[in-house]
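One structure below.
A note on names: the letters A, B, ... follow the listed sequences, proteins ahead of strands, and every chain is numbered from 1. Predicted model, so just to flag it, every value in this text is computed and none were measured.
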Amino acid sequence: MSETTQAREHHDGPHATGIRRWLTTTNHKDIGTLYLVFSLVMFLVGGTMALIIRSELFQPGLQLVDPHFFNQMTTMHALVMIFGALMPAFVGLANWQIPLMVGAPDMALPRMNNWSFWILPPAFLLLLATLFMPGGAPAGGWTLYPPLILQTGDAFPLVVFSLHLLGASSILGAINIIVTITNMRAPGMGFMKMPLFVWTWLITAYLLIGAMPVLAGAITMLLTDRYFGTSFFLAAGGGDPVMFQHIFWFFGHPEVYILILPAFGIISQVIPTFARKPLFGYTSMVVATSAIAFLSYIVWAHHMFTTGMPQAGMLFFMISTMFIAVPTGVKIFNWLATLWRGSISFETPMLFAIAFVVLFTIGGFSGLMLALVPADIEYHDTYFVVAHFHYVLVPGAIFGVIAGVYYWLPKWTGHMYDETLGKWHFWLSTIFVNVLFFPQHFLGLASMPRRIPDYSVQFTEFNMISTIGAFGFGLSQLLFVWMLIKCVKGGSRASAEVWDQPQGLEWTVPSPAPYHTFETAPRV
Amino acid sequence: MANTKTDYYVPHGSPWPAVASASMFVMALGGALWLNGSDAGRAVLFLGLAGLIVMMFGWLGTVIRENIAGLYSGQVDRSFRQGMAWFIFSEVMFFFGFFGALFYARTLAVPWLGGEGIGTGTNSVLWPGFEADWPTNGPEAVGGSFEPMGWGGLPLLNTALLLASSVTITIAHHALKNSNRLRLNLFTLATVVLGVAFLYFQVVEYVHAYQDLNLRLSTGIYGSTFFMLTGFHGAHVTLGAIMLIVTWLRIARGHFTPNEHFGFQAVAWYWHFVDVVWVCLFIFVYVL
Ligand code: HEM
Ligand SMILES: [Cu+2]
């Protein structure tokens, strides 16, 4: 017992200082911060790669980089953004917020929490190191299709192993989040009383545990096909390269929902606070999220309509894909209904949330167009697809993250962020993200292929506009970094509630949230 | 008193997760070097593995000590159990990927290569005359002519061994709950013996496949699916057997009580999981 009493005495701060604190920490707030900082760094790295891509595409012809390097950039940009920027950002938010929102003293498995974070930096060290290896980084696209990806140089095993590590990190993180949610809620917080961010993360974590191991299997088969003579993806040996696509997308489609569901959750927290109304249709939100999770496992082949599937298969995957629009529509309806007759104010998180609702919907609609087999055969592998997924991922997922950061930052730092800076960041980002991606729809409809460093001259204007948008968007993010630094360093003091009577346990603890919170569970 | 049942034990900083990550990094690096033909590869790989083993002792040792010190409430125990259950689910999905490859190859890819289905010209254009049949190593007979592995004999024996081991571990579990330590000890030991016997026969079977049947990992899609599925399963049995041995040693030291025995429970679950995978393997890889 004396050990526990002693522990209690220094329970107000971290137990170690300097680098040792961060390496050994088991505190969910420390680990959340680590995830978020890591994500920001990766966001800047991936963004730089995107700017290299867009610079090359500013004009037709080859001017800046050679095609092989261009292909490395498209591949690495996607891998870095998905596995390095977005997923860690969401896990970071989960780490900070879920214990605060369910009234738990910490994550359920604190040591494992540390582990799942600290797998990331070494994994990315390996992945980014491939850029400097003989043969370069992987250049066959983030989807890693064989046989092309098997032509990667010496980097190939590193790519596979780093993805294994990233998968392990995600699985461990997801297990921790699920267990925290199912086992650590404060007394009185039933499942149907959980905040939506917690709900969407519960379901995301389930998707992660279901999908990541399948990716691990798929890339293991790539590895053995290349080094140990197996024939999984070799038709001469009775295998099939298209089989890889099936396995990959069985992971890949749930993965895209992994990238959006937590953002749905954040938006469902932010909108009610600034509309000053409870969320409309809570139960239907939960049901819709679960329906999306279920459907996301049976739609994967909509990425493969041009591979020559049997007709029945195309019909099935077309219809199941269209079904996803129903629960998605329910969500959008509920957000709008929450806004209806609210007393709305437009602080930065709310601005990002509203932009999310509008712009994500555009991405959803282009998704529906792509879900139509006859249309997709035309659009597949064009810039239309690029426009689609960037609308759902940038003003969708990333705006969700940004909205969440602005919303909870005062709780984390104890300071209000600079609202003027926030508004500038919002308007510039929102304008430029559309300048960047909207023209890509037209390019795609006119058949400009994706992942090619050159294009024919009639595509020039739209590409130039897109590149200008890219630099505008990229540079606007520096405002975000500046805002973050300013807010961490100082600013007017935030109250415990921060906003105007927001709902949720996180607003009952002081700002900044003390190192340990809810050591005795609150009653809900 | 601070340490009531509602108090959830939150450990202090721990070095072990960082050691684990560093070891995994070294292993990945070693693996990559090895596959690229570097001499240092294997050494680096084993260095990482050694780090991982040290980490296991350190980390799990801490957990066991904390448990014995009475720091864990029932709620902590529940976290462990739920965590283990979800971990096993992730393992199930890992195998699901490989089973998916097997099913896809057998029901779609290979028949299409044989000319089935509309719009697939592969057969007539590339490999006219190839007749789809399972098992196969493809239209170009990758890996040369081979004989498939039958299901009688060793595989059947192995099925019996693993099924029996599932029974013995359940008996041991009941004995633990009824505080019958001798029975617990003996039946856990029996499970270990059955598991090791399984592994031994698996090795014999592999040697037979390579030497007598010319059935190899590189024998087209049949060899690929056969060895990857049984191989990953074997790796899991090996891991399970090691965990069982550790559990048995812990039993001998008097660990586990009728009410609190997460460590035992986790191993038992894992063992049942390995068992179920084997039954699926036996049906879909060997018999059908
Ligand atoms: C209404 C919902 C959605 C529908 C109907 C839909 C449909 C589709 C279809 C049919 C494709 C394949 C296009 C092709 O390659 O020809 C596609 C691609 C893609 N979608 Fe969606 N989608 C939806 C929502 C989302 C969301 C929410 C995300 C992520 C947050 C997302 C991310 C992606 C990505 C990353 C790709 C391209 C992957 C690649 O080929 O590199 N989609 N979508
Ligand atoms: Cu999809």
Contact part of A141(B) toward chain A, heavy-atom cut-off under 4.5 Å: side chain, backbone, both or neither? backbone
Most heavy-atom pairs under 4.5 Å with chain B, out of R111(A), R20(A), M243(A), R21(A), belong to R111(A)
The residue among F233(A), W249(A), F251(A) that forms ring-ring contact (aromatic ring centres under 6.0 Å, His included) with F244(A) is F233(A)
Is a donor on one side and an acceptor on the other found under 3.5 Å between the side chain of Y8(B) and the backbone of T520(A)? no
Proximal component of A16(A), with respect to chain B [non-hydrogen, under 4.5 Å]: neither
If you count heavy-atom pairs within less than 4.5 Å of chain A, which of F94(B), F95(B), F96(B), F227(B) leads? F94(B)
Between L165(A) and chain B, with a heavy-atom cut-off of 4.5 Å, which part of the residue counts as in contact: side chain, backbone, both or neither? side chain
I need the M309(A) CE to M304(A) CE distance, nearest 0.5 Å. 5.5 Å
Do you see a donor-acceptor pair shorter than 3.5 Å between the side chains of Q245(A) and T307(A)? no
Given that the side chain runs from C-beta out, which part of L113(B) has a heavy atom under 4.5 Å from chain A: side chain, backbone, both or neither? side chain
Going by heavy atoms in the side chains, are Y104(B) and I247(A) under 4.5 Å from each other? no
Given that the side chain runs from C-beta out, which part of F250(A) has a heavy atom under 4.5 Å from chain B: side chain, backbone, both or neither? side chain
Side chain, backbone, both or neither: which part of A108(A) has a heavy atom under 4.5 Å from chain B? both
Quick one: what part of L208(A) sits under 4.5 Å from any heavy atom of chain B, side chain, backbone, both or neither? neither
Any idea which of A236(A), G217(A), P213(A) has the most non-hydrogen atom pairs under 4.5 angstrom with chain B? A236(A)
Ignoring hydrogens and geometry, is there a side-chain-to-backbone donor-acceptor pair from K29(A) to D106(A) under 3.5 Å? no
For F124(A) and F38(A), I'd like to know if the aromatic rings sit close, meaning centre-to-centre distance below 6.0 Å. yes
Chain B heavy atoms under 4.5 Å from Y227(A): which part of the residue, side chain, backbone, both or neither? side chain
Check each atom of L23(A) against the heavy atoms of chain B and say whether the ones under 4.5 Å are side chain, backbone, both or neither. both
Between H164(A) and T220(A), is there a side-chain donor-acceptor contact under 3.5 Å, judged purely by atom types and distance? yes
Return yes if some donor-acceptor pair links the side-chain N/O of N214(B) with the main-chain N/O of S145(B) below 3.5 Å, else return no. yes
For the interface with chain A, which of F130(B), W34(B), F89(B) has the highest count of heavy-atom pairs at distances below 4.5 Å? F89(B)
W127(B) versus chain A, the contacting section by heavy-atom distance below 4.5 Å: side chain
Report yes if the distance between the aromatic ring centroids of Y270(B) and F273(B) is under 6.0 Å, otherwise no. yes
Check whether any side-chain N or O of D240(A) sits under 3.5 Å from a backbone N or O of A109(B) as a donor-acceptor pair, and report yes or no. no
So do L217(B) and Y210(B) actually touch side chain to side chain, heavy atoms under 4.5 Å? yes
Answer with yes or no after comparing the ring centroid distance for W115(A) and W16(B) against a 6.0 Å cut-off, counting only values under it. no
Just so I understand: if I count every heavy-atom pair under 4.5 Å between each of I119(A), L223(A), L234(A), V160(A) and chain B, which residue has the most? I119(A)
M212(A) versus chain B, heavy atoms under 4.5 Å apart: side chain, backbone, both or neither? neither
Scan side-chain atoms only and decide if Y222(B) and S231(A) contain a donor-acceptor pair under the 3.5 Å cut-off. no
Below 4.5 Å, heavy-atom pairs only: which of G210(A), P105(A), A168(A), A155(A) has the largest tally toward chain B? G210(A)
At a 4.5 Å cut-off on heavy atoms, which part of T224(A) comes close to chain B: side chain, backbone, both, or neither? side chain
A205(A) portion near chain B, given a 4.5 angstrom heavy-atom threshold: neither
Verify whether the ring centers belonging to F232(B) and F98(B) lie closer than 6.0 Å. yes
So which residue, S14(B), A28(B), A105(B), A18(B), ends up with the most heavy-atom pairs under 4.5 Å with chain A? S14(B)
If you tally heavy-atom pairs under 4.5 Å against chain B, which of V242(A), L109(A), N176(A), L215(A) wins? L109(A)
With a 4.5 angstrom heavy-atom cut-off, which part of F87(B) approaches chain A: side chain, backbone, both or neither? both
Does the side chain of T230(A) come under 3.5 Å of the side chain of D225(A) through a donor N or O and an acceptor N or O? yes
What residue, out of M93(B), E140(B), R216(B), has the most heavy-atom pairs lying under 4.5 Å from chain A? M93(B)
Proximal component of T62(B), with respect to chain A [non-hydrogen, under 4.5 Å]: side chain
Chain B contact via L120(A) - side chain, backbone, both or neither, heavy atoms under 4.5 Å: neither
Output the option from M107(A), M221(A), M112(A) having the highest count of non-hydrogen pairs under 4.5 Å with chain B. M221(A)
Partner chain A: residue of A32(B), A22(B), G97(B), G143(B) with the largest heavy-atom pair count (under 4.5 Å): A32(B)
Quick one: what part of L158(A) sits under 4.5 Å from any heavy atom of chain B, side chain, backbone, both or neither? both
Side chain, backbone, both or neither: which part of H246(A) has an atom under 4.5 Å from a heavy atom of chain B? side chain
When you check the side-chain N and O atoms of N183(A) and S79(B), is any donor under 3.5 Å from an acceptor? yes
